[in-house]
Amino acid sequence: MNIGEDKKAPLGVWGRYLITAALPYANGPVHIGHMAGVYVPADIYVRYLRAQKRDVVFVGGSDEHGVPITIRAMKEGVSPQQIVDKYHAIIKESFEQMGISFDIYSRTSNQVHHETAAAFFKKLYDEGLFEEKETEQYYDENAKIFLADRYITGTCPVCSNPNAYGDQCERCGSSLSPELLINPRSTLSDAIPVKKKTKHWYFPLQNYESWLKEWILEGHKEWKNNVYGQCKSWLDNGLQSRAMTRDSNWGIKVPLPDAEGKVLYVWFDAPIGYISATKELTPQWADYWCKEDTKLVHFIGKDNIVFHCIIFPAMLKAHGNFVLPDNVPANEFLNIEGDKVSTSRNWAVWVNEYVKDFPGCEDVLRYVLCSNAPETKDNDFTWKDFQEKNNSELVAIFGNFVNRTFVLMHKLCNGKVPPLHTDVMDETDRILIEEIKNAKTKVENCIEEYKFREALFEVIDLARKGNKYLQEKEPWKKVPLNPPSGGAFESDAMVNHKLIDNCIHLCLQLTANLAILINPFLPFTSKKLLHMLKVVDKILDWKNAGKIKLLSVGYSLRPPELLFRKIEDHELSYQVEKLRSGSIKSEPNNEKSEKMGTNDKSTNQPANKSTIQYDDFAKLDLRTGTIVSAEKVEKADKLLKLLIDLGFETRTIVSGIALHFKPEEIVGKQVVVVANLAPRKMRGIESNGMILMAEDKEGKLHFINPDDKINEGSPVT
RNA sequence: GGCGGGGUAGCUCAGUUGGUAAGAGCGUAGGAUUCAUAACCCUAAGGUCACGGGUUCAACUCCCGUCCCCGCUACCA
């Protein structure tokens with residue numbers, strides 16, 4: 001592959017472009033975080049490339065496999081297919097409505113993908129690139145399923161992080177396999193997983209480590225800081241074999257004879273979805289995937305970095321014959337009104353709802369999300385900001401310029417494009433013409449470097465310059481004059497007439513430029529402009545930008561229509577109210593944040609506990625006790641080391657309540673203790689028992705204790 | 001605690017390889033104007049560039065340390 005030789009390729013040297021946007025996971029709709037981080041930037045890039053007449057394909061689709069979907073189906077009593085059908089339709093529609101112009105929006109449950117992914121796997125298998133291991137895999141006997149990586153937690157063998165996930169330790173960055181974990185447990189039913197024999201195929205990432213290091217750390221220093229830093233961290237920590245198959249019946253069947261009940265790991269099959277979608281789109285798919293002069297770019301959220309920068313490239317490398325990503329411009333997260341987006345708390349602005357609440361304002365959302373995109377760090381979306389950006393930039397600068405140009409043209413030039421009289425052009429005119437040219441260069445440079453918000457700023461700035469120009473020229477102050485008939489002579493009036501012509505002429509040409517430049521960002525607006533200017537789509541070719549001969553002299557144009565409307569205060573308060581009233585307080589241990597990235601495939605539902613017999617209860621030795629001392633445990637945010645007087649003895653209990661109570665304020669409190677709990681070491685301190693706590697709906701903890709003070713050590717029955 | 005990303009005007013962000021760049025937009029305050037969706041245009045205020053050291057003739061820009069924010073993760077048997 002083209003290691004090291006592809007830096008800063010000059011414009012136009014790429015034969016074709018293959019652009020992918022992260023496959024959204026089909027167990028929920030998309031929200032504005034997804035849009036801002038992935039789909040809007042990807043779409044801008046693609047529309048720009050198309051305007052450049054580059055050969056480009058933009059693929060996407062729903063990611064429909066994975067255990068969370070089967071779990072959800074189980075809970076709702078429907079089939080996994082029904083779940084994904086429902087959300088695939090919603091997601092697809094949202095993208096269409098927002099103008100995300102996929103060449104194909106596919107899905108991983110369809111036939112082509114099953115075949116492609118299976119064949120990919122088979123090829124690696126046939127070449128002996130997998131390690132086949134029969135292992136004791138963890139099985140949840142309550143839920144009756146093998147536990148997917150994500151559903152097992154345990155201790156990381158590398159850094160001793162006790163809550164590493166089965167697929168990855170996020171503390172030390174190591175990629176793991178479930179059986180490497182020490183002390184595993186099920187997050188589904190809380191059951192202690194039992195081991196059961198099963199066979200799986202592992203992909204030895206470590207074999208690609210040195211290659212990845214060279215390819216990324218040496219060859220792609222231009223990647224964004226956040227992306228490069230993450231990659232470096234993983235690579236420095238060392239890679240390990242990772243199982244690429246799972247025990248499940250939802251997914252792509254492992255294409256081997258002895259693999260009943262086994263499917264491909266969702267992260268193995270999902271990125272292959274990009275290939276399948278391309279296949280489905282065109283018989284020439286291989287040109288895009290296999291020819292070295294293809295520029296492959298993955299648009300993703302930051303939660304996907306490891307898969308798109310490490311695992312998938314290693315898979316492609318192993319398979320051979322495929323191009324590798326030239327860049328992976330991952331974005332950070334978008335918060336809403338100061339809080340992180342959370343599906344479980346319903347703290348989100350859903351695209352399908354936005355489209356209903358603000359019909360015809362799709363471009364406004366695109367504008368706000370792009371101009372405030374989390375390109376370098378997490379950012380905040382507020383409705384106030386949404387209003388201000390709309391009212392003071394789209395309406396007041398961009399829309400207003402276009403509107404005053406059109407109104408003046410109709411008032412002063414009979415609704416036609418006036419001629420340009422070079423004899424009366426001045427410095428101001430020439431500067432404006434220069435600015436139009438510059439704008440094109442600036443915008444394209446920014447887009448090529450994935451700096452979309454800056455690019456968009458430059459477009460708006462051009463409109464700003466138009467307003468300034470208009471202000472300086474003040475054509476409305478000049479006396480309009482009918483075209484001279486017969487022997488015209490130079491007079492002040494004649495000159496004024498020419499000045500008006502020049503001003504409006506240039507403003508109109510500028511407007512045409514705006515249509516071209518804004519097109520990648522606000523395609524609906526661009527369309528409206530073309531309609532008003534009575535020109536065809538052809539004019540949107542990027543090569544036309546920067547020119548001032550886009551509209552023919554004498555051509556009559558349509559009356560103006562407003563491009564944007566103001567957003568009123570009451571619309572904001574409605575949205576904010578909707579957001580707040582719809583939000584659900586969730587329990588803190590369930591407060592797994594939603595990422596604006598699209599593949600948060602974990603769900604974390606505490607299951608209802610099953611019925612127990614009296615005997616089970618009677619096994620507990622519950623006692624009252626009094627806290628005699630409390631201190632914070634070093635290097636642990638949540639732990640307090642407590643000494644509890646139980647009457648017959650005083651013992652040490654380590655409890656995870658430090659975020660809720662200060663040590664000094666709980667000394668002397670009576671508590672209920674599980675006295676016969678097996679000892680357990682935490683942070684090196686042996687804990688002998690457990691304090692009972694109640695948790696309210698805010699997630700706050702409260703001690704459980706007797707109404708009146710009673711003797712230490714009194715049994716609780 | 002670990003890893004990663006950040007901390008620059010009220011807000012959202014730019015600041016290239018260290019040297020007249022401490023900047024932009026919005027917001028705010030004045031002014032001017034009326035072609036325009038009470039919009040546009042002009043002007044102004046304001047920041048010890050998180051903090052403390054260090055390297056240098058010179059640091060927002062390099063080094064060390066500290067603090068804070070965000071994400072993932074850890075300790076809540």
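For clarity, every value in this text was computed on a predicted model and none was experimentally measured. All heavy atoms count here, side chains included; hydrogens, waters and symmetry mates do not. First the proteins, then the strands, lettered A, B, ... as listed; each starts at 1.
B:C35 atom P lies 15 Å from atom CG of A:N467, rounded to whole Å. Separating the OH atom of A:Y469 from the P atom of B:U33 is a distance of 22 Å, rounded to the nearest angstrom. The distance from atom CD of A:E332 to atom C1' of B:G71 is 8 Å, rounded to the nearest whole Å. If you take CG of A:L563 and C1' of B:A36, they are 13 Å apart, rounded to a whole angstrom. One atom, CG of A:L369, and another, C1' of B:U12, lie 14 Å apart when rounded to the nearest Å. When the P atom of B:G4 is taken as reference, atom CG of A:L235 falls 13 Å away, rounded to whole Å. When the P atom of B:A39 is taken as reference, atom CD of A:E568 falls 11 Å away, rounded to whole Å. Taking atom CZ of residue A:R464 and atom P of nucleotide B:C42, one finds them 10 Å apart after rounding to whole Å.
Within the 4.0 angstrom heavy-atom criterion, no nucleotide atom of any strand lies near A:I567. At the heavy-atom level, A:V407 lies under 4.0 Å from the strands shown only through sugar-phosphate atoms. If you check every strand for non-hydrogen atoms under 4.0 Å, A:F457 touches sugar and phosphate atoms only. Across all strands, A:T376 comes closer than 4.0 Å only to sugar-phosphate atoms, never to a base (heavy-atom distances).
Side-chain proximity of A:I397 to B:U12, B:C41, B:U34: nearest is B:C41. Picking from B:U37, B:U12, B:G71 the nucleotide with the shortest atom distance to the side chain of A:F564 gives B:U37. Ranking B:G71, B:U37, B:U33 by closeness to the A:F333 side chain, first place goes to B:G71. Considering only the side chain of A:A396, B:A39 comes nearest among B:A39, B:C35, B:C41. Taking the side chain of A:W476 as heavy atoms from C-beta on, and the options B:U37, B:C35, B:C40, the nearest nucleotide is B:C35. With B:C41, B:C40, B:A77 as the candidates, the nucleotide lying closest to the side chain of A:N400 is B:C40.
B:G15 and B:C62: their P atoms are spaced 13 Å apart (whole Å). B:U55 and B:A14 have their C1' atoms separated by 27 Å, given to the nearest Å. Between the C1' atoms of B:U16 and B:C70, the separation comes to 26 Å (whole Å). Nucleotides B:C11 and B:C35 are separated by 32 Å at their C1' atoms, to the nearest Å. The gap from the P atom of B:G4 to that of B:U66 amounts to 15 Å, rounded to the nearest Å. Taking the P atom of each, B:G7 and B:C49 are spaced 14 Å apart, rounded to whole Å. The P atoms of B:A59 and B:C72 are separated by 39 Å, rounded to the nearest whole Å. If you take atom C1' in B:A32 and the same atom in B:A24, they sit 23 Å apart, rounded to whole Å.
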Hey, mind stepping through A:Y469 and A:E435 against side chain to side chain donor-acceptor pair (under 3.5 Å) and telling me if it holds?
-> CA-CA 11 Å; A:Y469 172 81; A:E435 294 288 10; over 6 Å; no
Side chain to side chain donor-acceptor pair (under 3.5 Å) assessment of A:K384 paired with A:Q387 | CA-CA 5 Å; A:K384 185 70 192 155; A:Q387 179 193 37; 3.1 Å; yes
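Within the structure, every side-chain polar atom (N or O) of A:N403 is placed at least 4.0 Å from both OP1 and OP2 of B:A39. Residue A:K468 has a polar side-chain atom (N or O) positioned under 4.0 Å from OP1 or OP2 of B:C42. Contact check, A:K411 against B:A36: a side-chain N or O comes under 4.0 Å of OP1 or OP2. Distances shorter than 4.0 Å separate none of the side-chain N or O atoms of A:K377 from OP1 or OP2 on B:U12.
Contact detail for A:V227 and A:C309: the closest heavy-atom pair is CG1-SG, 3.7 Å.
Side-chain N or O atoms of A:R366 include none that pairs as donor or acceptor with a backbone N or O of A:L522 at under 3.5 Å. Counting only distance, with no hydrogens or angles, the side chain of A:E209 and the backbone of A:L239 share a donor-acceptor pair below 3.5 Å.
Within 6.0 Å of atom NZ in A:K528, more than 12 heavy atoms from other residues, nucleotides or ligands are found, so the atom counts as buried in its surroundings. Residue-environment remark: NZ (A:K465) exceeds the threshold of 12 foreign heavy atoms within 6.0 Å.
Stem regions annotated for RNA chain B: B:1-7 with B:67-73, B:10-13 with B:23-26, B:28-31 with B:41-44, B:50-54 with B:62-66, counting only runs of 3 or more consecutive pairs of Watson-Crick or G-U type with both contacts under 3.5 Å.
Taking the six-membered ring for Trp and the full ring otherwise, A:W383 and A:F358 have centroids separated by under 6.0 Å.
Cation-pi geometry between A:K302 and A:F333 is met: the NZ or CZ atom falls under 6.0 Å from the ring centre, inside 45° of the normal.
In this structure, a donor-acceptor pair under 3.5 Å is present between the side chains of A:N467 and A:R404.
When the nearest nucleotides of RNA chain B are assigned to A:E454 and A:L408 by heavy-atom distance, the more 5′-ward of the two goes with A:E454.
At a threshold of 4.5 Å between non-hydrogen side-chain atoms, the residues A:K473 and A:D429 count as touching. With contacts defined as side-chain heavy-atom distances shorter than 4.5 Å, the pair A:L217/A:K232 qualifies.
The stretch residues 386-393 of chain A touches RNA chain B through A:E388, A:S392, A:E393, each having a heavy atom within less than 4.0 Å of the strand.
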